[in-house]
2 protein chains.
Amino acid sequence: MLEYGNLRKNLNPHVSVDCVIFGFDFQELNVLLIEREEGYIEGNSSSKPARGALALPGDHIHEDEKLDQAGARVLKELTNLDNIFLEQFHAFGHPNRVKNEADRKWMKTIRAEPNARVITVAYYSLVRLDRYNPQASSFAKHAAWFPVSDIPELAFDHNLIVMRALEAIRRTLMNQPIGFELLPPKFTLSQLRRLYETILGKELEKRNFRRKILKKDFLIPLEEKQTGVPHKAARLFQFDKEKYESHQTEKYDFTF
Amino acid sequence: MLEYGNLRKNLNPHVSVDCVIFGFDFQELNVLLIEREEGYIEGNSSSKPARGALALPGDHIHEDEKLDQAGARVLKELTNLDNIFLEQFHAFGHPNRVKNEADRKWMKTIRAEPNARVITVAYYSLVRLDRYNPQASSFAKHAAWFPVSDIPELAFDHNLIVMRALEAIRRTLMNQPIGFELLPPKFTLSQLRRLYETILGKELEKRNFRRKILKKDFLIPLEEKQTGVPHKAARLFQFDKEKYESHQTEKYDFTF
DNA sequence: ATTCCAAAGTGTTAATATTACACTTAGTTA
DNA sequence: TAACTAAGTGTAATATTAACACTTTGGAAT
């Protein structure tokens, strides 16, 4: 392994984007992981991916491409989705991010020198599971959802990146109504509450949640009701982005 | 200007760090800006810097250097300060960040190709003005404090970076007690309040602020009082970091 | 010594927000 | 038609917020 270190040329680092794509299946929060192309891990004939064979979708930033564009491109190539919530949250650049054999080999598949340093700009994205359609992609054999509570060992420092993304999404969830990006346009209040509970990892009292979120006044109650449930059907609501943005009033309050 | 565009080689982008260093003089929030070395702006003989001659302190990331280390190094070289609050907040990578003649020429002073793309990882830092001692630095002729309310035109996209840093610091100020980094170890509650007012750009009611911040229970009241003021001397307080960190209790509350 | 000045320091009340908590309703399935 | 399951609802006790004005203290000026 060490032999690579001495070969490194004095070049600028590669720069990539990686996307932590979250999806919510009404039970758990999931992350979309790709299985890297076969052939770069020796002796892996089993059907389940080898340790570290899974990774976050990512790619090098193209020349003349904005960072956000690169993120959107990766997302699009993998999911065929446009106009998706996507937010940069951190750059990762430890000089030894690319450390093991498998990672180095994979570098070639993205046309990078195997010994180069890679600095990555990480994004998190929120997609509705029902909109997601797996796409053949240049950087992935398969892609699959994994619950955040049970992420396997990933390539590079991607486990760290997922953790940081989770922290970022939790922080943001309390300050901006981003949760709606993970739900269908019409949803029940219980679905919304379960989403919050899942992301925050904490139970929320039904009546208080209901009152609190309805007071915000950006949920439009519809006449429509849930169908196909074996119990009393819940009323459906819609998120009114316009209203949220107009009502926007900066609040001064210590939360520390 | 256009002639540079065609010369760009197909190389990885340069990667730099830039630091938005904030200081508080009990009146205003200030940012430390450097005046770039002379000679790269033609016909600038006046004593005050030409438009765009001012910039955020920054430098390329060294090989085998972590991003945070690079930020700390830039800070240290300019201020001779160690162990200063420093936090990454965003990466900027617009392909045309380096656009004008002066910026391109300056690239050479930091040993970069003048036509290269530069992606920068931006940090904000909070320093006590009284601790700051300007240092000769490899990338700056002078450095000087400028009030955030009156930042001149800067090099590259540094005006944008300063704005984003301000937004980041405002956000963080409400969620973590970072304000103390800008005050001397012993301070009065009025000084603390004015700091908050300055950063948030909003007046805060004296009695309510006092009650609210004291209830947090991480301010140690000292027996000592302010000296040298032409009115009743205020009691001095100290921030108790230990206590803050132990009391830390995650809070669930929508602020949107 | 006395007065003046400027900011420090202090308490109450009304309105609002938060928490904790249990029963009834409605739709589906057996 | 009975059983099941989640939806939907209200209240009371407590805590927090916002608005508001006067007294105290120490130094500076006369």
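A note on names: the letters A, B, ... follow the listed sequences, proteins ahead of strands, and every chain is numbered from 1.
- If you measure from atom CZ of B:R207 to atom C1' of C:dG11, you get 8 Å, rounded to the nearest angstrom.
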Taking N or O atoms only and anything under 3.5 Å, show me the protein contacts with nucleotides 5-8 of chain C, one pair per line.
residue: C:dA8; atom: OP1; partner: B:S190; partner atom: OG; Å: 2.7
residue: C:dA8; atom: OP2; partner: B:S190; partner atom: OG; Å: 3.0
residue: C:dA8; atom: N7; partner: B:K206; partner atom: NZ; Å: 3.3

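- Atom CZ in B:F209 sits roughly 15 Å away from atom P in C:dT10 (whole-Å rounding).
- Using cut-offs of 30° and 60° on the angle between ring planes, the pair B:F89 and B:Y124 is tilted.
- Closest to the A:R211 side chain, of the nucleotides D:dA19, D:dT11, D:dC20, is D:dT11.
- Residue order along DNA chain C, read from the 5' end via each residue's closest nucleotide, puts B:K225 first among B:K225 and B:D253.
- Figure legend: A:K212 and B:Y252 shown as a cation-pi pair, the cationic atom lying under 6.0 angstrom from the six-membered ring centre and within 45 degrees of its axis.
- A:Y123 does not carry A:R73 over the face of its six-membered ring by the limits of under 6.0 Å from the centre and within 45° of the normal.
- Rounded to an integer number of Å, the gap from B:Y252 OH to C:dA20 P is 12 Å.
- Nucleotide D:dG26 holds its C1' atom 17 Å from the CD atom of B:E224, rounded to whole Å.
- Not a single donor-acceptor pair under 3.5 Å links the side chain of B:E87 to the backbone N or O of B:F85.
- A:K212 places its NZ atom 16 Å from the P atom of D:dA15, with the value rounded to the nearest Å.
- Between the P atom of D:dA6 and the CD atom of A:E205 lies a distance of 17 Å, rounded to the nearest Å.
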Atom pairs and distances, side-chain donor-acceptor, residues 225-232 of chain B, under 3.5 Å, sequence neighbours left out:
residue: B:Q226; atom: OE1; partner: B:A234; partner atom: N; Å: 3.0

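- With sequence neighbours excluded, the residues that form a ring pair (Phe, Tyr, Trp, His ring centres under 6.0 Å) with A:Y132 are A:W145.
- In this structure, the CG atom of B:N208 is 11 Å from the P atom of D:dC20, given to the nearest Å.
- Note: CZ (A:F254) to C1' (D:dT16) measures 14 Å, nearest angstrom.
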